[in-house]
Structures are given as C-alpha cells and as structure tokens.
Amino acid sequence: MEQKPSIPKGTRDFGPLEMSRRNYIFNTIRKVFEKYGYQPIETPAMENLSSLLGKYGEEGDKLLFKILNSGDYLAKIDDELLKEKESLKLSTQISEKGLRYDLTVPLARFVVQHRNEIVFPFKRYQIQPVWRADRPQKGRYREFFQCDVDVIGVDSLLNEVDLISVIDEVFSKLNINIVIKLNNRKILSGIAQAIGQPESMMDITMAMDKLDKIGEDKVYEELHERNISDESIEKLKPVLRLTGDNQSRLNSLGELIGSTDDGALGLEEIHTILKYLKPMNLKSPIEIDQSLARGLNYYTGAIIEVKAQDVSIGSICGGGRYDNLTGIFGMPGVSGVGVSFGADRIYDVLTELKLFPQEAGALTKVLLINFGENETPYALNILNKLHSAGISAELFPEPAKLKKQMKYADQKQIPYVVLIGEEEMKTETLTLKNMQSGDQAKITVDELIKKVE
RNA sequence: GUGGAUGUAGCUCAGCUGGUUAGAGCACUGGAUUGUGGUUCCAGGGGUCGUGGGUUCAAGUCCCAUCUUCCACCCCA
C-alpha cells in the first residue's frame with residue numbers, strides 16, 4: 001500500500017456495530033426527552049467566531065477550531081501584521097468562523113436570535129457533535145457528541161426536578177445504576193464567605209472538587225498554593241469532612257454557612273428540590289455533595305452530576321442552573337437550567353457492563369440466496385412479499401458460490417436463509433434454513449412470513 | 001500547553017548484546033465439500049519495519065528530528 005489513509009487526531013470512525021449501539025443510546029435518550037416535552041433543535045457546526053470567542057475563558061479560546069476564510073485570505077492583510085507573527089492577532093483577521101465548542105453557547109445565541117418565535121419556557125434538546133482542539137486522551141476526543149437538555153426562561157426549581165427525573169429515567173432505561181450528586185453554587189459561595197475568603201470562591205471550589213481524586217491533604221496543599229490563608233483552610237476543614245446522609249449534611253451545613261446570605265439561599269433551594277423529588281419515587285439515590293463544583297463557572301444555582309455505580313469512569317452526565325445565559329448576547333434576565341449526557345462515556349459504561357441489547361447488531365432477518373438468472377424473478381417476488389409484510393430481507397446481489405453467500409449471512413448474523421433453486425420453483429416452495437440451529441425445511445411463502453414475523 | 005511511553009502484515013503482537021531470505025495467531029483468498037455458513041485439514045496472497053536524516057562493512061534493532069497513538073498533569077465531556 002502506498003500511503004495509509006488516516007483521520008485527524010482525536011476523531012473516530014464508527015462502524016456498523018458501533019453505530020447501532022450509539023443509536024441505541026441516542027434513541028433511548030431522545031425518547032425520554034420527548035416524553036417530558038423537550039423539543040429538538042439543531043444549530044450549524046460552525047458559528048461566527050465572534051459568538052464563540054471569550055465565552056469559555058482564555059483556555060477555551062485556545063481550544064477553538066478556527067476555520068480559514070475562503071479565497072485569498074492573506075491578500076488583504078498588511079505586511080506589518082504578518083511580520084509580527086502574532087498568531088492570535090492574525091487569526092481574527094484570516095478567520096471569522098469556528099467550530100462549535102459546546103451546545104450551550106449556540107443555544108444562547110439561538111434563543112436571542114429567535115426570541116420572538118420561541119414559546120417560553122423553552123424546553124429543548126440537542127444532540128450534535130462538538131469540537132475541541134484539546135490533546136486527546138482516554139475518553140477524550142477532539143470531536144464528540146453532546147446530548148443537551150435545557151429549560152430556558154423560567155426560574156422555578158421545578159425545572160431542576162424535571163431534569164433530575166429525566167436523568168433517572170434515561171439511566172434506568174439503559175440499565176445503568178447511578179448516583180445523582182447535587183450541590184448548589186450558592187452553597188459554594190456561602191462556604192467561601194463563611195471562611196472569610198469570598199473573593200477566592202473559584203480557587204476554593206476548584207480545589208474542593210478534587211477531594212475524591214487527590215484526598216484531603218492534597219486539597220489543603222493546593223489551597224495553600226492558591227494563597228488561601230491557613231486560618232481559612234482551618235475553617236474549611238469541617239465543611240470538607242461532612243459525611244452522612246443528606247439530612248445530616250444539610251443540618252451541619254446550616255450551622256456552618258447558614259448565616260451567610262448565599263449559603264442560606266442555596267440550602268433553601270436544595271431543600272425545595274429534595275421536597276419536590278420525594279413524591280417522584282426516583283430509582284436512583286440522590287446525594288448532597290458539598291464538594292461538587294464542576295468546571296463551568298457560569299453555573300449560579302443547582303449543580304448536578306451523575307456517576308455510574310458499577311464502573312469507575314468519572315461523571316457520565318452533568319449540568320446545572322445558569323442565570324443570565326443570554327446576557328452575553330445582549331438579552332439579560334433569562335435564566336436556564338440544563339444537563340448534558342456524555343454519550344461516549346455512556347457507551348464505555350454499557351460496553352464494560354455488557355449491557356447492550358442483543359438486537360443491536362443484526363438488521364436483516366432473511367437472506368435470499370441468489371442461484372442465477374432463472375431463479376431471480378421468483379426470488380424477487382418472494383423478496384417483495386417479505387418487504388410488504390414489513391420483514392427486513394435482502395437478496396444476495398450476484399449468483400456467487402453458495403459458500404460465499406452462506407458466509408455472508410453468517411457474518412452479518414442474519415438468522416434465516418432462503419434457498420430457491422429449480423426444485424423449489426417447480427413445487428412453489430422454498431427451503432428455509434435456520435442459521436442458528438442449522439435446521440432446514442421446505443415451506444411456502446406464507447409460512448415463511450408467519451415464521452419470521 | 002508540560003512530562004513519560006509507543007509505532008513491525010487488515011488486526012493483536014514476537015523478533016536476543018546490530019549479522020544472510022522479517023515471523024506467529026487471527027482475518028482474507030482458493031481447495032478438501034461444483035445446493036449449504038459457523039468446526040476441522042491443506043495451500044496461497046499480503047510488510048519501502050510510522051516518516052526523514054545520521055552512525056556502521058552491515059540497522060526492524062543504535063542516535064537525532066518529526067508525526068501518530070496511549071498514559072499522567074493542566075483543563076474538561
């Protein structure tokens with residue numbers, strides 16, 4: 001072979017088996033979304049760079065894929081700028097489009113742009129790929145799918161309850177045991193206030209979020225490096241060490257941060273959500289986790305994260321409440337709450353637990369063997385009858401050796417093979433072979449349809 | 001972006017301190033079996049050893065660069 005073809009770093013091909021499994025995941029998710037009244041939208045793969053830049057922080061800007069302008073894009077650039085060799089300055093001159101980085105910013109843009117056509121509360125879902133110029137790693141790709149569900153335009157905590165219920169149902173349909181972890185940004189802010197470092201909330205929460213991963217002592221080390229005073233760290237200790245069931249955690253948190261404005265608000269929100277969740281009889285346990293932060297700094301209220309119980313793979317779904325989502329596009333005062341399902345990680349969980357259903361594989365039920373020109377019209381007639389009966393069937397497209405045709409059926413895991421030769425034509429029958437048992441018998445078309453239906 | 005590992009047939013890998021013609025299993029093709037797959041047996045095709053440079057009488061093997069993939073960190077889904 002001259003040159004092996006390849007695909008860009010961090011991207012993947014999906015073969016037929018993977019596709020049927022991925023579709024199983026997407027279809028399950030989609031069905032639940034629609035059952036709860038969420039409507040689909042799609043947005044373009046590329047957005048104007050101006051819509052994307054500055055929305056994900058400095059790091060995020062670096063991870064954006066930028067698209068070169070069409071035509072002779074260097075012609076209009078003046079030589080001074082080229083000489084400077086400053087990629088960042090230059091990039092805005094030669095590129096005005098970029099691939100979307102997530103589905104939330106496009107949603108905000110969509111809501112602002114179509115505000116007069118949208119019915120609020122806007123319950124929408126969106127399942128599309130996003131792109132990040134990150135360095136690929138285990139379970140991290142440069143192109144991956146997000147499955148987002150959001151409610152826009154209503155502050156009620158019933159939306160949080162609705163989404164948690166969606167999460168519960170999706171994973172119960174997929175047979176994955178999960179824990180739904182819950183926190184609130186206002187509680188985090190209350191913690192920062194209570195320990196006397198309200199301005200360092202980001203640093204504190206980012207360090208706290210790593211508790212599971214690096215342990216208590218390392219968290220303190222990191223806090224120290226981030227210039228949090230020893231006195232504050234001392235005050236933080238009882239918060240970090242909180243354990244026990246939700247009620248006792250909430251009680252303790254009440255004592256520790258209940259006196260702060262934000263803390264009190266956050267605790268009240270969590271109480272309300274828990275109260276509403278009670279009558280819903282969810283299958284999955286809800287766990288209050290005061291150290292849960294999640295990266296995105298635009299969350300303002302509830303923070304939700306889902307972990308698989310039987311696999312250690314990190315979070316497979318997460319989200320939260322963000323006030324003023326559309327403010328960045330000049331439409332203030334619209335809040336939203338949403339969660340995103342990580343399809344790729346869910347795929348890995350289902351693979352590891354061997355939970356993909358059997359059908360996710362074979363599509364064709366019956367293969368008609370091609371014996372040659374004389375038999376083809378007869379076979380086509382049977383094929384047509386099978387299709388009319390709604391049965392997935394195919395005729396092998398050339399009169400190849402039987403061995404080859406049988407092997408084809410075997411490899412595609414087609415359960416039934418129909419042979420029609422001279423003899424079957426004469427007697428108006430066909431020979432049906434069950435590929436699993438190896439049994440075969442002469443039957444009529446009607447009997448065939450009844451059998452495989 | 002930082003650090004570490006990796007790359008040999010379509011796939012998974014072996015190949016000694018450099019030494020003749022680079023191997024295995026699986027997959028593929030043909031035959032045993034011209035109307036029967038999944039098992040078995042036999043035969044066959046397929047490799048510029050990631051790419052480019054260097055050291056050497058001699059490089060898959062040693063050195064440098066570069067790319068890929070993987071792992072950890074940063075960050076994130």
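Throughout, a chain's letter reflects where its sequence line sits, starting with A, and its residues are numbered from 1. Excluded from the calculations below are hydrogen atoms, water molecules and symmetry mates; all remaining heavy atoms, backbone and side chain alike, are included.
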For this session: Could you list the residues that satisfy ring-ring contact (aromatic ring centres under 6.0 Å, His included) with A:Y378, not counting sequence neighbours?
Result: none
Problem set entry | Interface with RNA chain B, restricted to residues 432-439 of chain A and to heavy atoms under 4.0 Å | A:K433, A:M435, A:Q436, A:G438
Exercise. Of the residues in residues 394-404 of chain A, which ones touch RNA chain B at a heavy-atom distance under 4.0 Å?
Worked result: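 Going residue by residue through residues 394-404 of chain A, the ones with a heavy atom under 4.0 Å of RNA chain B turn out to be A:K401, A:L402, A:K403.
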Touch check for [X], heavy atoms < 4.0 angstrom, all strands: base, sugar-phosphate only, or nothing?
{"X": "A:G342", "value": "nothing"}
{"X": "A:E424", "value": "base"}
{"X": "A:R140", "value": "base"}
{"X": "A:E422", "value": "base"}

Salt bridge flag under 4.0 Å for residues [X] and [Y]:
{"X": "A:K181", "Y": "A:D289", "answer": "yes"}
{"X": "A:R321", "Y": "A:E269", "answer": "no"}
{"X": "A:E18", "Y": "A:R21", "answer": "no"}
{"X": "A:K365", "Y": "A:E394", "answer": "no"}

I'd like a list of close polar pairs between nucleotides 67-71 of chain B and the protein, N/O only, cut-off under 3.5 Å.
{"residue": "B:U69", "atom": "OP1", "partner": "A:G10", "partner atom": "N", "Å": "3.4"}
{"residue": "B:C71", "atom": "OP2", "partner": "A:K138", "partner atom": "N", "Å": "2.5"}

Exercise. Restricting to pairs with a member in residues 414-453 of chain A, which pass ring pair (Phe, Tyr, Trp, His ring centres under 6.0 Å), not counting sequence neighbours?
Worked result: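 Checked against ring pair (Phe, Tyr, Trp, His ring centres under 6.0 Å) - neighbours excluded - no pair reaches residues 414-453 of chain A.
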Seminar exercise, completed: Per-residue pairing states of RNA chain B in dot-bracket (Watson-Crick or G-U under 3.5 Å; . unpaired, | other strand) read (((((.(..((((.....[...)))).(((((.......))))).....(((((..]....)))))).)))))....
For this session: When you get a sec, tell me which of B:A77, B:U36, B:C75 is the closest nucleotide to the side chain of A:R226?
Result: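 Among the listed nucleotides, the one closest to the side chain of A:R226 is B:C75.
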Seminar exercise, completed: Considering only heavy side-chain atoms of A:Q440, the closest of B:U36, B:A77, B:G35 is B:U36
Could you tell me which residues satisfy salt bridge (charged side-chain N to carboxylate O under 4.0 Å, His left out) with [X], sequence neighbours excluded, listed by chain and number?
{"X": "A:D344", "result": "A:R12, A:R22"}
{"X": "A:K210", "result": "A:E222"}
{"X": "A:E221", "result": "none"}

Problem set entry | Polar pair under 3.5 Å, donor/acceptor by atom type, side chain A:D410, base B:G37 |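 In this structure, the two groups form a donor-acceptor pair.
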Exercise. Which whole number of Å gives the distance between the P atom of B:C49 and that of B:A59?
Worked result: 12 Å
Exercise. What interatomic distance, in whole Å, is found between P of B:U40 and the corresponding atom of B:G23?
Worked result: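 Rounded to whole Å, the distance is 25 Å.
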What residue pairs, at least two apart or across chains, pass salt bridge (charged side-chain N to carboxylate O under 4.0 Å, His left out) with a residue in [range]?
{"range": "residues 302-314 of chain A", "value": "A:D212-A:K307, A:R294-A:E305"}
{"range": "residues 433-450 of chain A", "value": "A:E423-A:K442"}
{"range": "residues 142-154 of chain A", "value": "A:R124-A:D148, A:R124-A:D150"}

For this session: Could you say whether the aromatic ring of A:F144 and the base of B:A77 stack, counting only centre distances under 5.5 Å and plane angles under 30°?
Result: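 Here A:F144 meets both the 5.5 Å and the 30° conditions.
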Problem set entry | Test of ring centre spacing under 6.0 Å for A:F65 and A:Y101 | no
Exercise. Using the benzene-type ring in the case of Trp, are the ring centres of A:F171 and A:F341 under 6.0 Å apart?
Worked result: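 They qualify: ring centres under 6.0 Å apart.
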